Visitor: 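This is the structure I want to talk about, given as structure tokens.
None of the values given here were measured: they were computed from a predicted structure.
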There are 2 protein chains.
Amino acid sequence: MAVTETKRKPKQEAKATRAQDPEGTRRNILEVASEEFALNGLSGARIDEIAARTRSSKRMIYYYFGDKEGLYLRALENAYREVREGEAHLDIEGLSPIAALTRLVEFTFEHHHRHEEFIRMVMIENIHNGQYLEQSKEIRELNVTAIDHIARIYSRGVEEGVFRPGLDPVELHWQVSALCFFNVSNRTTFSMIFGRDFGAPEQLERLKRNTVEMLLRFVAAADAPAL
Amino acid sequence: MAVTETKRKPKQEAKATRAQDPEGTRRNILEVASEEFALNGLSGARIDEIAARTRSSKRMIYYYFGDKEGLYLRALENAYREVREGEAHLDIEGLSPIAALTRLVEFTFEHHHRHEEFIRMVMIENIHNGQYLEQSKEIRELNVTAIDHIARIYSRGVEEGVFRPGLDPVELHWQVSALCFFNVSNRTTFSMIFGRDFGAPEQLERLKRNTVEMLLRFVAAADAPAL
DNA sequence: GGGATAATGTACGAACTGGTTAGTTTAGTC
DNA sequence: GACTAAACTAACCAGTTCGTACATTATCCC
């Protein structure tokens, strides 16, 4: 134990001594677990496999997360948190309602595409009838900015007379989500059944354009010019 | 062994003697397995549990289906077969393109709704990256009538000038599928996050109407009357 | 530097779970 | 009515998998 200085203050600063690093260990476990659960589901994932891929050990998983379900719950929360944080970066202020909606849909489409792991976790959670989501206060409190965005855009569009009135923002969001989610969630089987690669870049572009157009046409006021 | 007549010809006719009934046993196992897999996934389902719910035994599962994956594969095929057979009952001959498309979308929406088990199996299979679907020659050969229907409707619509040209029937089908599939697959989490019951009858009606309208507006020719 | 507490490593065990072995019963055939 | 193949049963096995007991080391605070 000749070195004494490097061991001081391992909290916030550059962690010279890596020997004991609770926060890092926790995060490392959660990252690995997130991947494994997204890949294999709750029952499919193996604690031993997760432990092996960790820089830590199985003992630490139980130390920090209690049991397998506790770990899964954290992984689920983690997935939601990451995606929600990403959503916040959308900037649509100053755009016209049509441009803003276009941007929002394009963003959502790409955002889903970028976060396949999240999509898989949501699928898995739906298979479990949302029984873990139900337990998570944290996820319920992560307010969904997407709704605010689309609600604002929509009401501005109605005011300006370019969107027709009487629609429900939550239902609009539902439609956008459906089209964007499906693109990732069912890509594999859909591609197989129809013998076409729905993950190919040009195909994705087409689907994205279709999705935007679909939404614009759906909300368009009766006297709006054709697209 | 006093009775001799009732034992004759147990093949096609009313099976008086249930003692040995290969076809029935097989079907019974498959039914139970389908439910269990749809409910718990491949890794989540338990062979012992399936066996227990069966009128038969675990040994019979292995006798008829080889192993767990074999059983899952049959259950998957079973799900696809049932749903495809149901699709065939759609009758849209004689309807105008718009009426036919309306009917098709409504039917698809309801059909998905009625076959939650199938939806769940497709989700599960996507989680597995379609590795079992890939193995199934039977599913690949079940041709998808939905595409034929929508392709026919669409081309008639274009001919009659009520639909705009240049669209891809497979992509149209993709859009219909996305909207209808999502309604079942993500109902639970979506309802939880947005605090509204998306399975409620009136809500379903609204979503169905929206979906129809979305498609009609998407394919509508430029000079078509507003909806 | 000593004592308390948090963090970590090692080894193990009990229950579960997919799969099998060995043998029995039934249905139909000659 | 003896024989054979298919259908079926019960008990069992071996590998896996979640979880834990126990011991040890690092860090913090005074």
Side-chain angles (χ1 to χ4, degrees), chain A residues 1-13 15-30 32-33 36-37 40-75, chain B residues 1-30 32-33 36-37 40-75 132:
Chain A
M1 295 295 183
V3 191
T4 50
E5 288 174 4
T6 52
K7 291 199 167 187
R8 301 282 142 236
K9 292 222 175 192
K11 270 269 172 67
Q12 304 291 45
E13 302 168 18
K15 292 149 190 167
T17 304
R18 284 250 165 153
Q20 214 164 288
D21 176 17
E23 204 43 53
T25 303
R26 232 192 103 96
R27 204 170 39 238
N28 176 233
I29 290 173
L30 198 52
V32 175
E36 287 292 316
F37 282 128
N40 306 308
L42 172 53
S43 50
R46 302 289 149 216
I47 290 284
D48 284 303
E49 176 65 22
I50 293 172
R53 289 191 42 204
T54 289
R55 263 181 262 110
S56 182
S57 68
K58 184 157 76 156
R59 178 69 187 75
M60 284 296 94
I61 293 176
Y62 286 94
Y63 185 66
Y64 284 120
F65 300 96
D67 59 10
K68 194 186 188 185
E69 299 196 348
L71 182 58
Y72 171 80
L73 184 56
R74 296 305 157 204
Chain B
M1 296 292 186
V3 191
T4 50
E5 288 174 7
T6 52
K7 290 201 169 189
R8 300 284 143 239
K9 291 224 173 191
K11 271 269 170 69
Q12 304 292 45
E13 303 168 17
K15 291 149 190 169
T17 305
R18 283 247 165 154
Q20 215 165 287
D21 178 16
E23 204 44 52
T25 301
R26 229 192 105 97
R27 202 169 41 236
N28 176 233
I29 291 174
L30 197 52
V32 175
E36 288 292 316
F37 282 127
N40 306 308
L42 171 52
S43 50
R46 300 290 114 140
I47 290 282
D48 284 304
E49 177 63 23
I50 293 172
R53 290 190 43 205
T54 290
R55 266 182 260 108
S56 182
S57 67
K58 183 156 80 154
R59 182 65 187 81
M60 282 296 95
I61 293 175
Y62 287 93
Y63 184 65
Y64 285 120
F65 300 96
D67 58 10
K68 195 186 187 184
E69 300 196 346
L71 181 58
Y72 171 80
L73 184 56
R74 295 306 156 206
Y132 298 94

Visitor: Specify the separation, in whole Å, of atom CD1 of A:Ile47 and atom P of C:dC12.
Guide: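 Value for this atom pair: 21 Å.
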
Visitor: Between D:dT17 and A:Arg46, is there an OP1 or OP2 to side-chain N/O distance shorter than 4.0 Å?
Guide: yes

Visitor: Which is it for B:Leu73 and B:Phe65 under the side chain to side chain contact (heavy atoms under 4.5 Å, CB included) test, yes or no, and what are the steps along the way?
Guide: CA-CA 9 Å; B:Leu73 184 56; B:Phe65 300 96; over 6 Å; no

Visitor: Rounded to the Å, how far apart are A:Glu23 CD and D:dT27 C1'?
Guide: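 Answer to the nearest Å: 16 Å.
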
Visitor: Taking donor-acceptor contacts at under 3.5 Å, does the side chain of B:Lys58 reach the base of C:dG18?
Guide: yes

Visitor: Applying side chain to side chain contact (heavy atoms under 4.5 Å, CB included) to A:Thr54 and A:Met60, what does each step give before you reach the verdict?
Guide: CA-CA 10 Å; A:Thr54 289; A:Met60 284 296 94; over 6 Å; no

Visitor: Give the rounded distance in Å between these two atoms: CG of A:Asp48 and C1' of C:dT10.
Guide: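 One finds 14 Å between C1' of C:dT10 and CG of A:Asp48, rounded.
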
Visitor: I want to check one thing: is the phosphate of C:dT10, taken as OP1 and OP2, less than 4.0 Å away from some side-chain N or O of A:Ser57?
Guide: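 So the side chain of A:Ser57 is outside the cut-off, no N or O lying under 4.0 Å from OP1 or OP2 of C:dT10.
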
Visitor: Can you check side chain to side chain contact (heavy atoms under 4.5 Å, CB included) on A:Leu71 and A:Asp67, steps first, answer last?
Guide: CA-CA 6 Å; A:Leu71 182 58; A:Asp67 59 10; over 6 Å; no

Visitor: Using atom CZ of B:Arg59 as one end and atom P of C:dT20 as the other, report the distance to the nearest whole Å.
Guide: 8 Å

Visitor: Figure out the CD/C1' separation between A:Glu49 and D:dT17, and round it to whole Å.
Guide: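 The distance from CD of A:Glu49 to C1' of D:dT17 comes to 13 Å, rounded to the nearest Å.
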
Visitor: Please report the distance, rounded to the nearest Å, between CZ in B:Arg55 and P in D:dT9.
Guide: 12 Å

Visitor: Mind checking if A:Phe65 touches a base, just sugar-phosphate, or nothing, with heavy atoms under 4.0 Å?
Guide: nothing

Visitor: Ignoring backbone atoms, test whether B:Thr25 places a side-chain nitrogen or oxygen under 4.0 Å from the OP1 or OP2 oxygen of D:dA7.
Guide: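 For B:Thr25, the contact criterion (side-chain N or O under 4.0 Å from OP1 or OP2 of D:dA7) is not met.
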
Visitor: Rounded to whole angstrom units, what separation is found between the CE atom of A:Met60 and the C1' atom of C:dA6?
Guide: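 Taking atom C1' of C:dA6 as the reference, CE of A:Met60 is at 9 Å.
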
Visitor: Below 4.5 Å, heavy atoms only, C-beta onward: do B:Tyr63 and B:Thr25 meet side chain to side chain?
Guide: no

Visitor: Considering heavy-atom distances to DNA chain D, does B:Tyr63 or A:Ala45 have its closest nucleotide positioned more toward the 5' end?
Guide: B:Tyr63

Visitor: What's the separation between atom CD1 in B:Ile50 and atom CD1 in B:Ile29, rounded to the nearest 0.5 Å?
Guide: 9.5 Å

Visitor: Atom OH of B:Tyr62 and atom P of D:dA11: how far apart are they, to the nearest Å?
Guide: 18 Å

